[in-house]
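Accompanying notes for the structure given below.
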There are 4 protein chains.
Amino acid sequence: MQLNCDLGESYGSWHMGHDAAVMPYIDQASIACGFHAGDPVTMRNTLTMAAKHNVAIGAHPAYPDITGFGRRSMTLSRDEIIACLHYQVSALEGMAQSQGLALAYVKPHGALYHDMMAQEDVRAAIFDAMASYYRPLTLMLQSTQRADKHREEGKLAGVKLLFEAFADRCYADDGSLVPRSQPGAIHSRDHMLAQVQQLRCDSSVTSLSGDRIGLQVDTVCVHGDNPEGIHSIAAIRALLDGD
Amino acid sequence: MQLNCDLGESYGSWHMGHDAAVMPYIDQASIACGFHAGDPVTMRNTLTMAAKHNVAIGAHPAYPDITGFGRRSMTLSRDEIIACLHYQVSALEGMAQSQGLALAYVKPHGALYHDMMAQEDVRAAIFDAMASYYRPLTLMLQSTQRADKHREEGKLAGVKLLFEAFADRCYADDGSLVPRSQPGAIHSRDHMLAQVQQLRCDSSVTSLSGDRIGLQVDTVCVHGDNPEGIHSIAAIRALLDGD
Amino acid sequence: MQLNCDLGESYGSWHMGHDAAVMPYIDQASIACGFHAGDPVTMRNTLTMAAKHNVAIGAHPAYPDITGFGRRSMTLSRDEIIACLHYQVSALEGMAQSQGLALAYVKPHGALYHDMMAQEDVRAAIFDAMASYYRPLTLMLQSTQRADKHREEGKLAGVKLLFEAFADRCYADDGSLVPRSQPGAIHSRDHMLAQVQQLRCDSSVTSLSGDRIGLQVDTVCVHGDNPEGIHSIAAIRALLDGD
Amino acid sequence: MQLNCDLGESYGSWHMGHDAAVMPYIDQASIACGFHAGDPVTMRNTLTMAAKHNVAIGAHPAYPDITGFGRRSMTLSRDEIIACLHYQVSALEGMAQSQGLALAYVKPHGALYHDMMAQEDVRAAIFDAMASYYRPLTLMLQSTQRADKHREEGKLAGVKLLFEAFADRCYADDGSLVPRSQPGAIHSRDHMLAQVQQLRCDSSVTSLSGDRIGLQVDTVCVHGDNPEGIHSIAAIRALLDGD
């Protein structure tokens, strides 16, 4: 099981995240591509840091919405989704190659990620974008109870998938995340470590109400905007490396 | 001698240029990359058109200035210029490859082009960007009396150059373009054809005051925003093909 | 019954619409405020033209989406809607006052307009924005079968309303507009004039299937992006002035 | 002598500055207007905070350059400068009035401020913008050895001026600021307090080389991005209130 984090989310003069603190501990960095965060200089610096720490890099494309940090859903057409993804993925890939790095995967950001999980037409457009890129792209998406369905869709589209779970978020009984606004949504350090351990040993999480939810997981995500998560990252790394 | 034109300069719902009319006649299309014009869908459509007509494609990167159409000079740092160029060139290249096209060259747009010709530090940053891309990039710039100097700079930086002249613009005695605001700056159809013929047969242009100015020229540009130029494009094509 | 048109929708170097042709014939110009179209210079020029023709001006605010021309729905929070409206309305009002013009009303644009008509929470946020501005603002919205409900909502919020109908669009039996993609959605010149005449004399339109739909209408809109509408504007003006 | 600070420079999800810490101590808040920082929600929140602390508010307009934080010079035309200023000032003013606040002055930001001080045509365009607004606007600019010349220009244009000095920056012998990149450019707390005291009692500063430079100063600025300045703000306040 890999450890991934969303990075490179500063913008121009504005700083966000704890990239330097996190980078030494993770396997995969999902890097903002300029549409919700990550101006070209920030992208360049983030790639340099990833190269230094031998971290695999993914593109973290978003709806075109700097002011809303890509967290507001937008009704893009299928063509707009495909073109926006190709644009952002290409931009990061060329910059990565210029630092001797290969792009390993694509993980949509924010509202685009949520819409991908919730809306079949958005997901189909994203699969199309992965499949019509000049070389096969691997898509990272959330592991849910519908993972088999998504795997089937990916097979049909010819797109390889990576399933992720969240270390720092509590799950509802239906396998969705408890909304951030609800009590118990964000895990404490102890809960986080316990959840990662359970994902690793039992491919499951325990829901807010105590149910066991089985999840196929390739990689676990710690949110860069969760201070508790960032502070626990070394412990999570040790846990994943442990045997 | 090749024939090039700046294309793909529509943006979202706004239309600009005569891409469909011009594409059948040109050898090289310099395509906007989203910073002064050319949203992702427009880029995709422009590339499709270039593929259909077997036109070589170039990236046409600019200062980040949609409102100003990249025509306003901006004091970017060396790092900002390099990162902005890598971002835009990469974005176009990945999208081009996804349509089976290879990127042939880079031609800076508008104020960035002018600053490249006028300011040594801007030009050096652009050379650096070309040289530090993951594969060698060819830079298109204006042929002037200083072409030998620029060729030398390119050699030192390890950057291959393409020199262009303008079909539709009148030259001053010093080899610079007569400013658009001045009378005689924009050529009529007859002047345009005569200038292309002279470039082709004598590697020179005749200045506003009648002087002969020798110019090393690999490619001649017709501006897409010059209606006279657009209407004469078939005639210029015939002239270049003629023998 | 007044005649209104959406204007000032050029942006930087991109031209859109037929403002100069339309302005002499209309009573009310809804002017883009920079979030979907209308850079500051365009706003200034549009206001100058409105002043010359004694046209009442309205703010035409939108979701922040230049690339999508404000036609893509975005999930803004209530606070974001209010702040975005105050920002855009204020920007236009100060510029209008600087040309001796008073702002007469506010008409949301594109997806914001559609969401206002379709979603109660968006409409409530817009009413709040109108009511919490430093002086009372009049809101223009679509006249539908639910006009009485909207009038009631407006009364509660303390917001004066203007109801508009569309000259160039065909209505469905439920009083909504037939989607542009469907046959018969856009009226020919004759249909347009007949619809305006019926609105004027009978406060009603005839639906696609032939039903009579009663509509309370203060103002009739001709879309600036409908060439047929633009060409018929003088005839509509004559019809409205007729007696 | 008043105390001013540049505030409201967060943007969307990105936080910048120490507005809440600074606001209780200052007389004048120069608030970003959306072109270099300050989205509409941020502007609203900043105005609320200013209202709470009875701080006079100024508009802090900039070149349109979010990515560059308005710190990159741009060659805007006279018309573009005027329209951009009217747009930003109007946007802030309407939002301020909606919170019961009146706009007290305008202070250009970053590169626009520097260009105003260095380039006569930029300064003339800014004076024009102040004079052609619907009501007289007061302009804040840097107090230099040329203050009398600027006062004369202001009188001719019909624009009232406020001159400011910087608490946290060291002056060169010619009355300009020592560039940030040079040693000694940024004052320590002690130097800062001494400089404010000297400005207050002697209308002068001591240059890097020890010269006395007389300065007419209406207001002293502490930069919000200077942590030392922010930490000293209570002491500066006490000093200005001195007893």
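So you know, we letter chains A, B, ... as the sequences are listed, proteins then strands, and number each from 1.
- Relative orientation of the C:Phe166 and C:His223 rings is parallel, given thresholds of 30° and 60° on the angle between their planes.
- Your options are D:Ala96, D:Cys33, D:Ser90, and the one with the most heavy-atom pairs under 4.5 Å with chain C is D:Ser90.
- Partners of C:Asp19 under the salt bridge (charged side-chain N to carboxylate O under 4.0 Å, His left out) rule, at least two apart in sequence or in another chain, do not exist in this structure.
- Between chain D and the options C:Ala83, C:Gly100, C:Ser98, heavy-atom pairs under 4.5 Å are most frequent for C:Ser98.
- For the pair C:Val159 and C:Thr138, the minimum side-chain heavy-atom distance is 4.5 Å or more.
- Between D:His36 and D:His60, the ring planes lie perpendicular to each other; the angle is over 60°, past the 30° to 60° tilted range.
- Comparing D:Met43, D:Met95, D:Glu80 by heavy-atom pairs within less than 4.5 Å of chain C, the highest count is held by D:Met95.
- Within the 4.5 angstrom heavy-atom criterion, only side-chain atoms of D:Ile82, from C-beta onward, approach chain C.
- Between C:Asp6 and C:Lys107, at least one side-chain nitrogen of the basic residue sits less than 4.0 Å from a carboxylate oxygen of the acidic one, meeting the salt-bridge criterion.
- Side chain to side chain, D:Asp39 and D:Thr42 meet the donor-acceptor criterion of an N or O pair below 3.5 Å.
- In this structure, no portion of D:Glu93 lies under 4.5 Å from any heavy atom of chain C.
- If you tally non-hydrogen atom pairs under 4.5 Å between each of C:His86, C:Gln99, C:Gln97 and chain D, the highest count goes to C:Gln97.
- Interface remark: of the candidates C:Gly94, C:Ser132, C:Gly34, C:Gly94 forms the most heavy-atom pairs closer than 4.5 Å to chain D.
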